[in-house]
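A quick write-up on the structure given underneath.
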2 protein chains.
Amino acid sequence: MTRLVVLGGNAAGMSAASKAKRRGPDLEVVVLEASQDVSYSVCGTPFLVQQDIEDAADLRMLDEEGLQKRGITVRRGAKATAFNPYSKEVAFESKGGRDSIAYDKLLVATGSSAVVPFKAPPPKGVFALRRLEETVALEAFIKEERPKKAAVVGAGAVGLEMASAFAQRGLDVHLYEKGPRPLPMFDQDMTQGMPAWLEKKGVTLHVGTEVAELGEQGRGRLGSVVTKAGKEQRADLAVVAAGLQPNTQFAVKAGVHALNTGHILVDDHMRTNFHDVWAAGDCVAARHIVSGRPTPVPLALPSNRMGRIAGDSIAASLERIPGPSQTFTGVVGTFLTRLWDMGFAKTGLSEEEAKAERMDAVAVHVESTAKADYMPRPGRVNLKLVADRDSGKLLGAQLMGPGDSALRINAAALAVQVGMTARRLSEAETAYSPSFGPVWDPLVVAAAELAKACRK
Amino acid sequence: MTRLVVLGGNAAGMSAASKAKRRGPDLEVVVLEASQDVSYSVCGTPFLVQQDIEDAADLRMLDEEGLQKRGITVRRGAKATAFNPYSKEVAFESKGGRDSIAYDKLLVATGSSAVVPFKAPPPKGVFALRRLEETVALEAFIKEERPKKAAVVGAGAVGLEMASAFAQRGLDVHLYEKGPRPLPMFDQDMTQGMPAWLEKKGVTLHVGTEVAELGEQGRGRLGSVVTKAGKEQRADLAVVAAGLQPNTQFAVKAGVHALNTGHILVDDHMRTNFHDVWAAGDCVAARHIVSGRPTPVPLALPSNRMGRIAGDSIAASLERIPGPSQTFTGVVGTFLTRLWDMGFAKTGLSEEEAKAERMDAVAVHVESTAKADYMPRPGRVNLKLVADRDSGKLLGAQLMGPGDSALRINAAALAVQVGMTARRLSEAETAYSPSFGPVWDPLVVAAAELAKACRK
């Protein structure tokens, strides 16, 4: 019997395991998961904190029964520490001590961990929220300790989501950002209104403020945030959202090719440089369709998709299973989140990112009502499109708007993905109804404006 | 001085007039509008009835000042009755009697009128709602006469919008449909739940029920609806939404080429068979991108766009103005409306429409949650995709969902417009966030399913 060992039982790992088992039912599939949970939605964590969801268990996507039905064996609390691509063995640690398992096919889908950019924090009151058990612990902490002041370290997407959730839970929130502004993946002109808006929502934003340490108030419990400049501010609760690092040290040591960040390099079937080793998910650098570069994209859909494609390819590497039907066409990094009632969306590159890639990028920024302007409370949509001046090809889009208006990003994502020009997008026959938007959709308006600045 | 006469001062006419004047500032632009209003949003009418908008005047998109600033002369209440493409004169009727005006360039943008498929209705209490003045009269009628029972004739999009608006206004609504089901532009499997849903919303739907006449209750006032089967039902108020006919008789008489329905045929610069006569908007049959046929598309965005392109082409036909920069690439008929809290959207052809075109159409119908399934009240999205079996090319999409989830139609519209295959759409990197939808967007799920049924 051929054995597939999957390291990591989340989006990519479980997608791969399920797909491989479906296409190759004779395959023995063993998943080693470092935490106690497989297949949970880390994206759902803020909704638990802001009490839209009552029970952390709701974030589990697969139960024991589902796993058994799939014929997949899961070993929880088993953390891979090394593997040998020649003897084809994985070493791992678990409660029972060190152990090892032989594989015929191996998938590395170990995801990423939170970067903690300061000395080891005190144990109680500090959370990183990558694992479901951390979310459960956070929830218990809030209920038992009734914290009043929350500190969030890092004002990227996750930091802002947590700040928004804590504020909606009634906490006094301080958000610390090392860099000059929040949401740095967006262009500066898109987010310049954010500090005032956050203030209004009850979140105090400290930009250009590096956190040096988290102070204890005794019994190993968090008491304060100390900045590099030496300021100390009270905090009963802290979330560290200062970036992610891939859990790939063991794989890199084994000789798997990776970026210097540790993100594993793969082909378009998610195969690494070792013939029987695949990688998928957050721990991978996938080809970015716009920049052409291998790029880490810690997002749910690409992770799931990479997992499926890896599973497909693994099954196809077995005897008597026909060749893989899917290849991974790369990523554009389509991102979406909601902070309070505002949606924030992005696809492709920002203008700043495109310029950093030395592209001759042109951009337009349009503001529009989110409904026909005669409707009550029409709201505002804020949209930026970026294109390559010479070819006219779209490089990216950024969008903010109330309700679900940010779903407009999907049409832009498709346009960026297929290399459409701004001119072509300006001809899009978008939908119109007064309560959904203006006759001329902001996407079409921006594309028409942008086309004028392009040579084609 | 060269004179452009524009017949019809709404979406297409005013877009053309503005565009032509901007590109050719020396042009004299005269608009003859049959009603008392130019540039108003007929799509906004239901929102007035359901009291989201307070004043019909809010639906006016252009005021006198705006017109003057644009340098456009408007004659209200002036209805074109004939024109001579050789002597280049338009005859029209107005309060002052019959008159005529000479033109150098002519645009026919006279829109469409409601079909009234029964003997002339009594004057009071019956409305067709094509002109803003009719909406004003309806609003006055509701306020003065306090009707309790509303009849809507025709369960297409407009009929359903009015039924929804009347029900939200607290009226007892009866909706009469000659055909076997509501919203016939959608496939039967998409709308089979509608009768029960309408009932729950307080609208009684009578399918297979042709209205023979509207009965009077004295003093020229509506009293009842009489069906062809002889049933009589009380009605204090009726809206006729049984279809539209183009206001083009005078143009057809002058020799303009048109479909037998009266819809004018144009080239991709909106020019008719007469060199100095253009047509745009509801009164035109534009090339449908999927079927290839000239097709009437009485929708706001295509009307506005046709108007602009006509204006562009008209200006470019003048001396010393460079050639037109835009061509009209055809329509896919992207449609969107909201009934209560549900969005209904469509683009391209339905399965039934594709089969009527003798295409080898395959279709999939998926249901999905409108948010991640662990979110509270996740709602349901109902999506159908249609493709050509041989080429795999997408032919159309239909979508229903709560809130603004139906904005997903824009990505499908773009895909249909550029002739994308289902397989390519299945690779779309759509946006994910738990409160906006599931990880695998229904569009991607349906496209993947559909791709399996296609040969490419």
Side-chain angles (χ1 to χ4, degrees), chain A residues 11 41 43-44 46-47 52-53 58-59 61 289 299-302 304-305 326 329 331-338 343 345-347 372 374-376 403-411 413-418 420 424-425 427-437 439-441 443-444, chain B residues 11 41 43-44 46-47 52-53 58-61 289 299-302 304-305 326 329 331-338 343 345-347 372 374-376 403-411 413-415 417-418 420 424-425 427-437 439-441 443-444:
Chain A
S41 170
C43 306
F47 299 97
D52 287 338
I53 302 170
D58 291 347
L59 298 179
M61 308 276 96
I289 289 171
L299 292 164
L301 179 60
N304 276 278
R305 184 172 270 151
Q326 274 188 296
T329 57
V331 294
V332 288
T334 308
F335 164 84
L336 176 63
T337 193
R338 192 188 306 275
K346 186 193 171 191
T347 192
Y374 51 77
M375 295 294 288
D404 287 354
S405 61
L407 277 177
R408 286 185 165 81
I409 201 68
N410 284 347
L414 197 59
V416 171
Q417 230 180 321
V418 302
M420 199 176 279
R424 192 76 184 91
L425 183 62
E427 295 165 350
E429 192 181 321
T430 44
Y432 164 63
S433 177
S435 70
F436 285 91
V439 174
W440 292 95
D441 194 275
L443 212 55
V444 170
Chain B
S41 169
C43 306
F47 300 97
D52 286 338
I53 303 170
D58 291 345
L59 298 180
R60 284 198 192 99
M61 309 275 95
I289 289 171
L299 293 164
L301 179 61
N304 277 278
R305 185 172 267 152
Q326 274 187 294
T329 55
V331 292
V332 288
T334 308
F335 164 84
L336 177 63
T337 193
R338 194 188 304 275
K346 186 193 170 190
T347 191
Y374 52 76
M375 295 293 290
D404 287 355
S405 61
L407 277 177
R408 288 185 165 81
I409 201 69
N410 284 346
L414 197 60
Q417 230 180 320
V418 302
M420 198 176 281
R424 191 79 184 90
L425 183 62
E427 296 166 349
E429 193 182 320
T430 45
Y432 163 63
S433 178
S435 70
F436 285 91
V439 174
W440 291 96
D441 194 274
L443 212 54
V444 171

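Order of the sequence lines sets the chain letters (A, B, ...), proteins ahead of strands, with each chain counted from 1. Hydrogens, waters and symmetry mates are skipped; everything else that's a heavy atom, side chains included, is used.
Considering all non-hydrogen atoms of both residues, A/Q417 and B/R424 come closest at O-NH2, 3.6 Å. Of all heavy-atom pairs between B/L407 and A/S405, the closest is CD1-CA, 3.9 Å. Taking both residues in full, the closest heavy atoms of B/C43 and A/P434 are given as O-CG, 3.5 Å, listed atom of the first, atom of the second, then distance.
When heavy atoms are compared at a cutoff of 4.5 Å, B/L301 approaches chain A by way of both its backbone and its side chain.
How far CZ of A/F47 is from OG of B/S433: 5.0 Å, rounded to the nearest 0.5 Å. Atom OG of A/S41 sits about 4.0 Å away from atom OH of B/Y432, to the nearest 0.5 Å.
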inquiry  = Pair B/R305, A/V444 - check side-chain contact (heavy atoms from CB on, under 4.5 Å), show working.
reply    = CA-CA 11 Å; B/R305 185 172 267 152; A/V444 170; 3.5 Å; yes
request  = Dump the intermediate steps for side-chain contact (heavy atoms from CB on, under 4.5 Å) on B/M375 and A/I53, then the final yes or no.
outcome  = CA-CA 6 Å; B/M375 295 293 290; A/I53 302 170; 4.3 Å; yes
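Residues A/R338 and B/S435 have side chains that bring a donor and an acceptor to within less than 3.5 angstrom of each other.
Chosen from A/V416, A/N304, A/I409, A/D58, the residue pairing most often with chain B at heavy-atom distances under 4.5 Å is A/N304. Of the listed residues A/L299, A/L59, A/L425, the one with more heavy-atom pairs under 4.5 angstrom with chain B than any other is A/L59.
Side-chain contact between A/Y374 and B/R60: absent, with no pair of heavy atoms (C-beta onward) separated by less than 4.5 Å.
No donor-acceptor pair under 3.5 Å is formed between the side chain of A/E429 and the backbone N or O of B/L414. A donor-acceptor distance shorter than 3.5 angstrom exists from the side chain of B/N410 to the backbone of A/A431, with no hydrogens or angles considered.
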